[in-house]
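Residue numbers start from 1 in every chain, and the chains themselves are labelled A, B, ... in the order their sequence lines are given, proteins ahead of strands.
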Amino acid sequence: YEDPPQLLEKTEFLLREWVSIYHSTTCNKDPSKAFSVFVHQMNCHGILKTDDLITRFFRLSTQMVVELCYRMLPEVANASSVRTKVFHTLDAYVKLIALLVKHSGDSSNASTKINLLNKVLGIVAGVLLQDHESHQLDFHQLPYHRVFIMLFLELNAPEPILEAINYQILTAFCHTLHILRPAKSPGFSYAWLELVSHRVFIGRMLAQTPQQKGWGFYAQLLIDLFKYLAPFLRNAELAKPVTLLYKGTLRVLLVLLHDFPEFLCDYHYGFCDVIPPNCIQMRNLILSAFPRNMRLPDPFTPNLKVDMLSEISMAPRVLTNFASHIQPIQFKKDLDTYLKARAPVTYLHELNSNLVMQSEAGMRYNIPLMNALVLYVGTQAINYIRNKGLTPNMSTIAHSSHMDIFQNLAVGLDTEGRYLFLNAIANQLRYPNSHTHYFSCTLLYLFAEANTEAIQEQITRVLLERLIVNRPHPWGLLITFIELIKNPTYKFWNHEFVHCAPEIEKLFESVARSCM
Amino acid sequence: MVKDQFGMVGLLTFIRAAETDPNLVSLALGQDLTALGLNLNSPENLYPNFGGPWAEHPCRPQDIDYHIPPEYLINCGIREKLAQIKLTKYKDDLLFYMFYTNTGELMQLAAAAELYTREWRYHMEEKVWITQAPGLGAVEKTSTYERGTYYFFDAQNWRKVPKEFHLDYSKLENRPTLPTQY
Amino acid sequence: PLQKEHQCQFQMMEAAVYHMPQASDSERVRLYVPRNPCVTPHYYHQV
């Protein structure tokens, strides 16, 4: 508002001037000389006099290049040559931003550069959100996608000035992408996923940034994506736009599974917390990740002694503070009291009602709370058993406050609640580690000690639905299921639900054959 | 047994739906993740030439921007002064280069058409280009096939290699046609 | 059933499908040999 008089005209003049300079052969030969001449012109027009004027200049410039795109849009859609024409202006604008960021303040002063970058990214994001709001279904992602990706590539050029501030550059882009997450700008969601999964962005965030300092940011962006997809994935039938975004997400996760499995291992909890329970293959993909230096024994090895594996006693890294998800505080306190004293027994009766959620329609249970409770009680149980100098196995996990809670949930919850509870346990069946081992024993123990066949049927359901889906399958899932169907202790084959239909029976037999 | 969708019957419903309405179970039964255009057995990392979430193939060499001195970049100022691309003027190996690097592009078709003009033939099953080897004509020739020694272009070692072929004419591609607008 | 907020998001996403990003949107403009995608015979090399 209240742009100074003539600012719009000056901005348009300067932008046109820069575009022609940028594409001139002189600039091609010596960009910095051409740039310094142009900065002088900006100075003469007073654009660089105050922070406010610079901000206004960038907002007006961004709006202008966006308007140019909208004017040419009808043609852009169908001819790459016209796209090139639009990029003619956009790329020049990006180059101007990159040069201003690189050369603002003296070379040692990173904050001037980063402040300017954050300012410009914020302005472009603001113009996008405003445009998204006003254009609605006519919103076009093209200009914003182009500005963000070309600016990112420019600022990730292997130049000393930029390398010195690369972490701050990445942080600035992650903040912007979080502001523009699909839930906030769904019309930008496809371009957003292109940006987040661009090979240079992945490389910088997950491979080149030292001490994995980019991992947390990248995990947050993926959680933004899963949260956005969740309501659409909860339905059985996927509409085309959702299928497109879902399939694109699978491709990105496959690249991460192949190149950065440790990243998926570390953040699996946060991801599975927001992925809907019926999204089985995508969740399996995340849970199948295992450290590259680990060799997984073939789950079908006859008489495989899982508890003899060296890694089975090692606790996996879980970079989500799941204990803090157990809310409200009093609930957590009562839980800790019970875990410690195995009293009062009344706590067990109140426990289940805390897991029911009134608010969100279609979501009767508080799944994040369920997941956090299961993992918290399980990790407490492992420590408790270890502190007694024992290791978790089918007998040491029994008759404890921890197992009281699990059995209470198994018995007391309705079928939906029990399904979600068993899913929370099955989400811990991954590569050989102490969590996989403990929760595998717990699932088998709950099956063996079940007081109704419904519990056994639902344990079987949760395992089977994760097995019949296309690969990949987590190692911990396979060894648990094989133990269940092989070990006569569980009398698995005697149950009616195993023979309830020819397809089901055939499935079990095919898995059994691969085991034998 | 559990009556609602949280037991075995619920799962059975999905399994049966898969036969009638696969779209309904795309999440429950998943898809073949090896068919998404990613080489999951690659010993190298995939991300450096990841084509993006919608790409059916990895990037080709020319799709990846490398930071090169700006003067190496073709400036639009001289774009018009550069000689137009004329495949008829190029040697065979440059045509093969265009064919093998411009996958999925018009250039691949154009290179194929020019190679055809130069008496190369594309074997649709063997997926190689073949041409007569001077002095080593066919030892057997019928209306449907011929047999003998021919040159084929070995793209791995980038050279012409003589080889015995049984050439079934139905397996040789006809003249490649460019889309009308080109 | 989708909540109102998610229905709006879905409509915006549905409209965005008509403006899907193209591979060249993330690449420097190639003046001399620009991308020119076209369907080539399945028996040609695709990679």
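Contacts between B/Met124 and chain C at a heavy-atom distance below 4.5 Å involve backbone atoms as well as side-chain atoms. When heavy atoms are compared at a cutoff of 4.5 Å, B/Gln62 approaches chain C by way of both its backbone and its side chain. Neither the backbone nor the side chain of C/Val29 has a heavy atom closer than 4.5 Å to any heavy atom of chain B. C/Pro21 touches chain B through backbone and side chain together, each having a heavy atom under 4.5 Å away.
For B/Lys81, there are no side chain to side chain contact (heavy atoms under 4.5 Å, CB included) partners two or more places apart in sequence or in a different chain. Taking the ring pair (Phe, Tyr, Trp, His ring centres under 6.0 Å) definition, one finds that B/His57 meets it with nothing, sequence neighbours left out. With sequence neighbours left out, the side chain to side chain contact (heavy atoms under 4.5 Å, CB included) criterion links B/Val9 to B/Met1, B/Thr13.
Note: B/Ala83 leads B/Pro58, B/Ala83, B/Gly37, B/Cys59 in heavy-atom pairs under 4.5 Å with chain C. In terms of heavy-atom pairs under 4.5 Å with chain C, the best-connected choice from B/Ile64, B/Leu109, B/Leu82, B/Asp63 is B/Asp63. Most heavy-atom pairs under 4.5 Å with chain C, from the set B/Asn102, B/Thr101, B/Ile85: that is B/Ile85.
A salt bridge does not link C/Asp25 with C/Arg35: every distance from a Lys NZ or Arg NE/NH1/NH2 to an Asp or Glu carboxylate oxygen is 4.0 Å or more.
Atoms CG and CZ, from B/Leu115 and B/Phe153 in turn, are 9.0 Å apart once rounded to the nearest 0.5 Å.
Residues of residues 162-177 of chain B having a heavy atom under 4.5 Å from any heavy atom of chain C, listed by number: B/Glu173, B/Pro176.
The only member of B/Phe99, B/Phe96, B/Tyr116 that meets ring pair (Phe, Tyr, Trp, His ring centres under 6.0 Å) when paired with B/Tyr122 is B/Phe99.
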Legend entry - CA sep, side-chain torsions, deciding dist, call: B/Thr88, B/Glu114, side chain to side chain contact (heavy atoms under 4.5 Å, CB included): CA-CA 7 Å; B/Thr88 51; B/Glu114 180 58 24; 3.5 Å; yes
Legend entry - side chain to side chain contact (heavy atoms under 4.5 Å, CB included) evaluation trace for C/Thr40 with C/Gln46: CA-CA 8 Å; C/Thr40 56; C/Gln46 298 301 326; 3.5 Å; yes
Inset, instruction - Begin with the C-alpha distance, continue with both residues' side-chain angles, and end with the deciding distance and a verdict on side chain to side chain contact (heavy atoms under 4.5 Å, CB included) for B/Thr142 and B/Arg147. - result: CA-CA 9 Å; B/Thr142 71; B/Arg147 200 165 55 78; over 6 Å; no
